[in-house]
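Data block below; observations after.
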Amino acid sequence: MDQVRLHVNIDHVATVRQARRESEPDPIAWALACEAAGADGITCHLRFDRRHIQDEDVRRLRAAVTTPLNLELALAPEMVSIALESGAELFCLVPENRQEVTTEGGLDVRKELERVREVSAALAERGGIVSAFIDPDLDAVEASALAGCRYIELHTGSYANAKAETREAELDRLRSACELAHSLGLGVNAGHGLDLTNVTPVARLPHLEELNIGFAIVSEALTVGVDTAVRTMKAVISQANS
Ligand code: PXP
């Protein structure tokens with residue numbers, strides 16, 4: 001089984017910094033520590049309300065990070081123009097609702113088909129690899145292929161929040177979405193709500209290439225430090241793939 005890559009989402013390091021509008025903790029220094037600990041890529045989400053990552057963080061990350069930089073963005077023109085100038089290699093199209101605490105569901109690609117097609121074509125023209133963050137629904141997988149995305153990122157929140165009795169059914173949904181995506185020529189990533197206790201079955205999904213994990217690594221790092229938090233997550237993913 002190929003090793004699934006770990007991309008660390010650093011948003012919540014910026015959340016702590018923004019709590020005091022200070023310069024520390026610095027998400028860029030933290031991203032470099034993640035890379036030193038073996039992270040395969042760095043992810044951030046520039047939200048409309050700038051609640052965590054700031055525009056300047058994206059510029060500094062681009063200058064500093066040596067693994068692939070993945071920028072999550074909503075489809076709005078403001079975010080698309082920033083993304084086009086960002087120099088990131090990877091882009092993940094996400095829904096954004098100002099009231100939500102975190103990205104609550106996947107993008108409705110069928111409803112936004114023309115806009116997703118337009119945005120992914122513009123980003124791809126700059127050499128970007130574009131994914132759509134979707135719920136594990138077959139219709140959303142098909143729509144992502146129709147819209148010209150190269151990848152999907154499956155929202156694993158329902159799996160992560162599922163009670164023991166429905167968890168297997170949620171994994172089946174993820175598995176079916178992976179199989180369909182692969183048959184349509186799409187690459188498959190996944191993320192949201194994953195931690196050391198629930199990541200293993202997800203890391204074993206067929207055709208999965210990359211996991212995006214943020215909150216659990218940032219919170220674990222408060223206790224054990226960033227180096228151990230990233231290395232431990234990497235080790236659990238490697239173990240799942242061995
Ligand atoms: N993938 C996407 C598209 C996200 O929006 C998020 C949350 O910012 C994640 C992955 C990571 O989720 P978590 O912070 O729960 O690990």
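Atoms within a ligand are numbered from 1 in the order they appear, just like the ligands themselves. Here the structure is a predicted model, which means the values were calculated and not measured.
Each of the atoms 3 (C) of ligand 1 lies under 4.0 Å from some heavy atom of V94. The contact set between ligand 1 and I213, taken as ligand atoms under 4.0 Å from a residue heavy atom, comprises 16 (O).
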Pair N9, E72 - check side chain to side chain contact (heavy atoms under 4.5 Å, CB included), show working. CA-CA 10 Å; N9 181 313; E72 296 175 0; 3.5 Å; yes

Give the C-alpha distance, both sets of side-chain angles, the deciding distance and a yes or no for side chain to side chain contact (heavy atoms under 4.5 Å, CB included) between I217 and L6. CA-CA 11 Å; I217 293 178; L6 171 62; 4.2 Å; yes

If you apply the rule side chain to side chain contact (heavy atoms under 4.5 Å, CB included), what do you find for H45 with V94, and how did you get there? CA-CA 9 Å; H45 182 180; V94 298; 3.7 Å; yes

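In terms of polar-atom proximity, defined here as any N/O pair under 3.5 Å, L194 makes no such contact with ligand 1. Ligand 1 has no N or O atom lying under 3.5 Å from any N or O atom of F133, backbone or side chain.
Looking from atom 11 (C) of ligand 1 to the surrounding protein, the closest heavy atom is N212 O, 3.8 Å. Counting only heavy atoms of the protein, atom 1 (N) of ligand 1 lies nearest to E153 OE2, 2.5 Å. The single protein non-hydrogen atom nearest to atom 16 (O) of ligand 1 is G214 N, 2.8 Å, given as residue, atom name and distance. In this structure, the protein non-hydrogen atom closest to atom 15 (O) of ligand 1 is G193 N, 2.8 Å. Looking only at protein heavy atoms, the nearest one to atom 14 (O) of ligand 1 is F215 N, 2.9 Å. Shortest contact from atom 8 (O) of ligand 1 to any protein heavy atom: N9 ND2, 3.4 Å.
The aromatic rings of H207 and H182 lie parallel to each other, with less than 30° between the two planes, well short of the 60° mark. Relative orientation of the F133 and H155 rings is parallel, given thresholds of 30° and 60° on the angle between their planes.
A donor-acceptor pair is defined here as one N or O able to donate and one able to accept, closer than 3.5 Å; no such pair exists between the side chain of D40 and the backbone of H7.
In this model, a donor atom of one side chain and an acceptor atom of the other lie less than 3.5 Å apart for E209 and Y151.
By heavy-atom distance, the residue among E72, H155, H192 lying nearest atom 2 (C) of ligand 1 is E72.
Shown here for L75 and V116, the closest heavy-atom pair between the two residues is CD1-CG2, 3.9 Å.
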